[in-house]
Novice: 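Okay, handing you the structure first.
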Amino acid sequence: MQSKLSLVRWLGVVTVGFLLVISSKVNALSVEYFVGVDGLTTIGSGVYAGLSNPNAGRLTFLFAHPNEANPSATHYHGIGAYSYSGPVDNPIINSTNTNNRLPEISSGEPPLPLLPGTGMHAGRLVSQTIPGIEYSNLQIQSTQSLDGFAAGTIENFLFHSSNDRWFGPLDNVLVGLQLVSITDGLQIANELGDVILSSLDDIYTLGAGNSLIFTPTFFTSHDALAGVYSAAFRLVDLNGGLLESGLFNFDFQVAQVSEPFTILLLLIGLIGLAVTRVVKFITLFGKNVHS
């Protein structure tokens, strides 16, 4: 058993090292997830154009979409935002929307893999940042961390995207992450490895709105059953100044990890995905250079 675990860990180290080498310049941003406040008061387009924005003054969980080929097109996706449904003259307000899962369903990406952990996470299958694999870096920062970057940078375009919809400061805001639902067997840890959000409706303090930085680790036991494990959350202002966010979900995949060969297949798949992304980036870069 020890030899199998050693092989699994060796494969993991080699693969992650390879991914670092081939994808070190693929990601335009080091952070993918942000917390901001929605400053849009009126919906400007679509079926419900002209109606009040149900997210105005609400905390919002955001996923960054940098555009290396056209930096000015860089933008956020609001994840799990409040939304309307039903007739325009009598709409229903929903506490989430159709784009409420991570990885986003529209991306076609599979659930994030839970892989064997080391150190404080030894004996667990854990979420990990995998270079080149979108959505895997779970660090969460305030949108205000993007303030101050030079004009023309990806960070500056992102900060001011959608006509400054999410660039407003989060003064006097204390952001909390509230657990709404979770698959049996899935747990969450903070940076110290301590289990947090152990019961439904528990709230974990992420930090002050303008400066929060937090990286959760999702994990199962090393012998967890194969399948998809999910958790749903909302953001709350513990100081009561801003409204709560809509519901959003993270999805993870536990593969059959009893044999090193299966782990190898998983890691080969991750390498293939990373290589695909690198090729795509090189193609876009080449088009941008020669245009």
Side-chain angles (χ1 to χ4, degrees), residues 12 16 19-20 23-37 59-66 74-80 101-104 107 109 111-115 117-121 124-149 153-159 161 166-167 170 173-179 186-197 203-219 229-236 245 248-252 270 274 277:
V16 171
L19 291 171
L20 280 169
S23 60
S24 60
K25 295 184 179 180
V26 174
N27 294 326
L29 289 170
S30 60
V31 180
E32 298 183 274
Y33 298 105
F34 294 88
V35 173
V37 57
L59 288 168
T60 308
F61 196 63
L62 301 165
F63 181 75
H65 276 268
T74 295
H75 60 282
Y76 297 111
H77 281 183
I79 308 297
R101 309 204 77 86
L102 295 159
E104 295 172 282
S107 73
E109 303 284 357
L112 296 171
L114 297 179
L115 301 175
T118 59
M120 71 177 70
H121 295 298
R124 298 172 173 174
L125 301 177
V126 301
S127 56
Q128 300 179 27
T129 299
I130 305 172
I133 304 301
E134 200 172 25
Y135 302 101
S136 68
N137 181 357
L138 298 183
Q139 184 178 93
I140 302 167
Q141 290 191 16
S142 169
T143 53
Q144 298 307 299
S145 66
L146 299 170
D147 191 11
F149 280 86
T153 61
I154 289 283
E155 290 85 356
N156 183 260
F157 281 121
L158 182 61
F159 185 57
S161 62
W166 287 288
F167 91 126
L170 289 86
V173 174
L174 186 62
V175 180
L177 182 67
Q178 185 173 33
L179 180 65
L186 183 64
Q187 299 184 73
I188 309 159
N190 60 19
E191 289 97 337
L192 299 176
D194 299 325
V195 175
I196 61 172
L197 301 173
I203 298 175
Y204 184 80
T205 302
L206 300 186
N210 289 325
S211 59
L212 72 89
I213 300 177
F214 176 70
T215 305
T217 295
F218 293 82
F219 69 93
Y229 291 72
S230 302
F233 304 92
R234 65 167 60 92
L235 298 170
V236 297
S245 76
F248 55 94
N249 305 265
F250 279 97
D251 296 325
F252 300 92
L270 294 177
R277 291 188 181 283

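Treat the numbers as computed from the prediction; the structure is a model and nothing was measured.
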Novice: Measure the CG-OG1 distance between Asn190 and Thr205 for me, rounded to the nearest 0.5 Å.
Specialist: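 These two atoms lie 11.5 Å from each other.
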
Novice: Can the ring centres of Phe214 and Tyr204 be said to be less than 6.0 Å apart?
Specialist: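 Here the rings of Tyr204 and Phe214 have centres that are less than 6.0 Å from each other.
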
Novice: Excluding sequence neighbours, so at least two apart, what forms salt bridge (charged side-chain N to carboxylate O under 4.0 Å, His left out) with Arg101?
Specialist: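 By the salt bridge (charged side-chain N to carboxylate O under 4.0 Å, His left out) rule, Arg101 matches Asp251.
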
Novice: Do Leu112 and Pro103 come close enough that some side-chain heavy atom pair is under 4.5 Å?
Specialist: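 Contact flag for Leu112/Pro103 side chains = yes.
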
Novice: Could you tell me if the side chain of Pro216 sits less than 4.5 Å from the side chain of Ile140, heavy atoms only?
Specialist: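 Answer yes - side chains close enough.
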
Novice: Under 3.5 Å, is there a donor-acceptor pair between the Gln128 and His121 side chains?
Specialist: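 Distance-only check fails for Gln128 and His121.
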
Novice: Exactly one of Glu32, His75, His77 should register a side chain to side chain donor-acceptor pair (under 3.5 Å) with His65. Which one does?
Specialist: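 When side chain to side chain donor-acceptor pair (under 3.5 Å) is applied between His65 and each of Glu32, His75, His77, only His77 qualifies.
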
Novice: Please step through side-chain contact (heavy atoms from CB on, under 4.5 Å) for the pair Leu115 and Ile130, ending with a clear verdict.
Specialist: CA-CA 10 Å; Leu115 301 175; Ile130 305 172; 4.1 Å; yes

Novice: Short question: side chain of Glu191, backbone of Thr215 - any donor-acceptor pair under 3.5 Å?
Specialist: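 Judged by distance alone, yes, a pair lies under 3.5 Å.
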
Novice: From Ser136 OG over to Leu102 CG, what is the distance, rounded to the nearest 0.5 angstrom?
Specialist: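 Taking OG in Ser136 and CG in Leu102, the distance rounds to 12.0 Å.
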
Novice: What heavy-atom pair brings Phe248 and Gly80 nearest, and what distance separates the two atoms?
Specialist: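 Closest heavy-atom pair between Phe248 and Gly80: CB-CA, 4.2 Å.
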
Novice: Could you tell me if the side chain of Leu235 sits less than 4.5 Å from the side chain of Leu177, heavy atoms only?
Specialist: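 Contact flag for Leu177/Leu235 side chains = yes.
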
Novice: If the condition is ring-ring contact (aromatic ring centres under 6.0 Å, His included), which residues does Tyr33 pass it with, not counting sequence neighbours?
Specialist: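 Once residues adjacent in sequence are excluded, the partners of Tyr33 under the ring-ring contact (aromatic ring centres under 6.0 Å, His included) criterion are Phe61, Phe63, Phe250.
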
Novice: Heavy-atom distance under 4.5 Å between the side chains of Pro113 and Ile133, does that happen here?
Specialist: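 SC-SC contact between Pro113 and Ile133 ruled out.
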
Novice: Do the side chain of Thr74 and the main chain of Ile154 share a donor and acceptor less than 3.5 angstrom apart?
Specialist: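 Here the side-chain-to-backbone pair does not exist.
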
Novice: Is there a side-chain contact (heavy atoms from CB on, under 4.5 Å) between Val37 and Val173? Walk through the geometry before answering.
Specialist: CA-CA 10 Å; Val37 57; Val173 174; over 6 Å; no

Novice: Should Val31 and Ile213 count as side-chain neighbours, where that means a heavy-atom distance under 4.5 Å?
Specialist: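 Val31 vs Ile213: side chains apart.
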
Novice: Quick one: CG on Leu206 to OG on Ser211, what's the gap to the nearest 0.5 Å?
Specialist: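 Answer rounded to 0.5 Å: 11.0 Å.
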
Novice: So Leu158 and Phe34, do their side chains get closer than 4.5 Å, heavy atoms only?
Specialist: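 A side-chain contact exists here, since the closest heavy-atom pair is under 4.5 Å.
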
Novice: Could you measure the distance from the CZ atom of Phe159 to the CZ atom of Phe167? Nearest 0.5 Å is fine.
Specialist: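 Going from CZ on Phe159 over to CZ on Phe167, the span is 6.5 Å.
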
Novice: Quick one: pull up CG in Asn137 and CD in Gln139 and give me the separation to the nearest 0.5 Å.
Specialist: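 Between Asn137 CG and Gln139 CD, I get 6.0 Å after rounding to 0.5 Å.
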
Novice: Would you check if Tyr76 and Thr143 make a side-chain contact, meaning some heavy-atom pair closer than 4.5 Å?
Specialist: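 Tyr76 reaches Thr143 side chain to side chain.
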
Novice: Evaluate the criterion side-chain contact (heavy atoms from CB on, under 4.5 Å) for residue pair Ser230 and Asn249; output intermediate values, then yes/no.
Specialist: CA-CA 7 Å; Ser230 302; Asn249 305 265; 5.5 Å; no

Novice: With rounding to the nearest 0.5 Å, note down the distance linking CG in Leu179 to CZ in Phe233.
Specialist: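 So the CG of Leu179 and the CZ of Phe233 are separated by 5.5 Å.
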
Novice: Are Ser127 and Thr217 close enough, and set up right, to give a side-chain contact (heavy atoms from CB on, under 4.5 Å), and what steps lead you there?
Specialist: CA-CA 6 Å; Ser127 56; Thr217 295; 3.9 Å; yes

Novice: Does Phe218 reach the side chain of Val126, with side-chain heavy atoms less than 4.5 Å apart?
Specialist: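 Side-chain contact under 4.5 Å: no.
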
